[in-house]
> 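I'd like to ask you about the structure that follows.
Note that the structure is predicted; figures quoted are calculated from it, not measured.
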Amino acid sequence: MLFSAEVYIGVNMAPGKKSIHFAALNPDLETVTLSQGGVQEVLAYLGGQQQAVAALCGPSQPSRGILMDADLREQYLIPMTKGRPGNMRVAEYLLRQHNLSTSATPQDPADATGWMRVSFSLYKQLQKLGYRQYAPTIGEAAPADRQVVEVAPELAFQAWLPGDVLPASTIHGRMQRQLALYDLGLRIPDPMNFFEEVTRFRILQGQLPNDQVYSTAMIAALAAAYLAWQTKHAPQELTQVGVREEGQIMVPAKLLENASSTEKIVF
């Protein structure tokens with residue numbers, strides 16, 4: 001069964017079975033879905049959408065070794081710093097050049113972590129379902145009804161939060177991230193309600209209102225969904241880094257406002 005309403009879906013991979021968290025937003029930023037499952041559950045949901053932008057928190061494919069090939073580096077005009085570039089994709093290298101932490105996607109799939117291999121598989125399956133790699137709409141060209149894009153929610157929070165980003169593993173870090181999404185307009189619970197339900201008795205009993213604050217994985221999925229929403233409703237606030245043939249990463253443009261070299265190596 002196909003659903004005709006346009007949705008924006010964030011998919012966050014994590015190690016373990018049924019550990020893919022996915023969240024969907026409608027054009028009004030209302031949550032349509034908050035769920036988790038395995039690859040088949042995610043594909044069933046994504047395959048049921050007629051119009052959707054899916055934002056995956058993981059690489060679409062292994063590195064193509066561009067950074068380790070001098071001819072390719074020259075072809076793509078990639079500015080190199082001292083030392084060896086490492087076994088990673090161009091997008092990851094460029095982000096690291098700007099002190100933005102990212103995982104390194106190796107050239108050999110066998111060297112990739114489990115969640116990366118899950119991500120590779122999801123992208124391939126989504127292509128079979130008709131999802132096309134996201135590209136900014138130029139002129140009057142109509143975008144594909146189903147699109148997929150790679151995002152990095154943790155980097156996005158660095159642009160969305162005015163101060164230091166707290167560790168995601170802590171309750172304070174989760175509340176901070178959820179509050180950022182709430183302030184961006186997502187129709188989700190205000191995490192500040194957590195404090196209204198905390199009493200001396202509940203603390204002594206170990207009964208904290210954790211249902212008011214989403215898990216780290218679900219918050220990342222919601223952030224990815226919001227980035228997917230921005231591709232249609234605020235594309236000017238986004239930029240893609242990397243080589244299209246190898247896999248680009250979509251991040252808030254604010255992160256790279258002062259990065260003049262990046263403009264030359266986005267293909």
> Could you tell me which non-hydrogen atom of Val151 sits nearest to which non-hydrogen atom of Ala224, and how far apart they are?
CG2-CB, 3.7 Å

> Counting only heavy atoms not in Tyr182, do more than 12 sit closer than 6.0 Å to its OH atom?
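Counting other residues, nucleotides and ligands, OH of Tyr182 stays at 12 neighbours or fewer.
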
> Tell me whether Arg146 contacts the main-chain N or O of Gly47 through its side chain, where contact means a donor paired with an acceptor under 3.5 Å.
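Side chain of Arg146 to backbone of Gly47: a pair is present.
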
> Ignoring hydrogens and angles, tell me if any N or O in the side chain of Gln176 forms a donor-acceptor pair with the backbone of Asp164 under 3.5 Å.
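Pair found, side chain donor or acceptor close to backbone of Asp164.
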
> Return the orientation label for the Tyr226 and Trp160 ring planes: parallel under 30°, perpendicular over 60°, tilted otherwise.
perpendicular

> Going by side chain to side chain donor-acceptor pair (under 3.5 Å), Glu6 matches just one of Gln49, Lys232, Gln50. Which one?
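Among Gln49, Lys232, Gln50, the one meeting side chain to side chain donor-acceptor pair (under 3.5 Å) with Glu6 is Lys232.
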
> Taking the side chain from Gln178 and the backbone from Pro189, do they hold a donor-acceptor pair closer than 3.5 Å?
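Checking the backbone N and O of Pro189 against the side chain of Gln178, a donor-acceptor pair under 3.5 Å is found.
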
> When clusters are formed by joining ILVMFWY residues with side-chain heavy atoms under 4.5 Å apart, either directly or through shared neighbours, do Leu166 and Val213 land in the same one?
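Unlinked, Leu166 and Val213 end up in two clusters.
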
> Could you check if a side-chain atom of Phe22 sits within less than 4.5 angstrom of a side-chain atom of Asn12, using non-hydrogen atoms only?
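No, every pair of side-chain atoms sits at 4.5 Å or beyond.
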
> Is there a side chain to side chain donor-acceptor pair (under 3.5 Å) between Glu92 and Thr105? Walk through the geometry before answering.
CA-CA 8 Å; Glu92 294 152 355; Thr105 306; 2.5 Å; yes

> Looking at every heavy atom in both Gln107 and Pro62, which two are closest together, and how far apart are they?
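Of all heavy-atom pairs spanning Gln107 and Pro62, the closest is O-CB, 3.5 Å.
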
> Is the backbone N or O of Leu222 less than 3.5 Å from a side-chain atom of Tyr214, with the two atoms forming a donor-acceptor pair by type?
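No: the side chain of Tyr214 does not pair with the backbone of Leu222.
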
